[in-house]
Amino acid sequence: MSATQNSQPHTLHIDLTPSWGQWGNVYRHFAEAGQREALRELHPDFAKAMAMASAYAAISSTLTAEQREIAARVHRTEMARAGITTPRPQPKPTSVTDCADEATPTPGM
């Protein structure tokens, strides 16, 4: 190696930052354990998560179908990381005949 070459060692960066779903698990565990001081310290992160949920709700109706699918996929993944599984939403009926079963009264009701 010549004196003009860079002799910096190669470094490896590993990101151990939890996802928001994983972070939710940490927050929940602190809450369940009664760790009030930890919850106070995490309040800014909790507020950020709730603010982002509100921001998403404000723009969700303006998203394209592709963007809504991406958001739904991320939502399902993060909910699963938090230990909550949500079934994939079923399409809404698009015609009156699709709604026929929903409009039929249940016997005995």
Practice prompt. Could I get the full list of side chain to side chain donor-acceptor pair (under 3.5 Å) partners for Glu37, not counting sequence neighbours?
Written response: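 Side chain to side chain donor-acceptor pair (under 3.5 Å) list for Glu37, sorted by chain: Arg40.
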Worksheet item: By side chain to side chain donor-acceptor pair (under 3.5 Å), which residues pair with Arg81, not counting sequence neighbours?
Response: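 Partners of Arg81 under the side chain to side chain donor-acceptor pair (under 3.5 Å) test: Ser19, Glu78.
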Nearest-0.5 Å distance, [atom1] of residue [X] to [atom2] of residue [Y]:
X     : Y     : atom1 : atom2 : value
Leu63 : Glu69 : CG    : CD    : 12.0 Å
Arg68 : Glu66 : CZ    : CD    : 11.0 Å
Leu39 : Asp45 : CG    : CG    : 12.0 Å

Worksheet item: Pro18 and Trp23: which non-hydrogen atoms are nearest, and at how many Å?
Response: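 Minimum heavy-atom contact is CB-N, 4.1 Å.
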Discussion item. If you compare all heavy atoms of Thr17 against all heavy atoms of Asp15, which two are closest, and at what distance to 0.1 Å?
Written reply: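 Scanning both residues, the minimum pair turns out to be OG1-OD1, 2.6 Å.
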Discussion item. Check for me, please, whether Phe46 and Trp20 land in the same ILVMFWY cluster - side-chain distances under 4.5 Å, paths through other members count.
Written reply: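 Yes, it is one cluster - the side chains of Phe46 and Trp20 are joined through contacts under 4.5 Å.
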Practice prompt. Indicate, with yes or no, if Met50 and Val26 share a hydrophobic cluster defined by side-chain heavy-atom contacts under 4.5 Å among Ile, Leu, Val, Met, Phe, Trp and Tyr.
Written response: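 The answer is yes; both residues are in one hydrophobic cluster.
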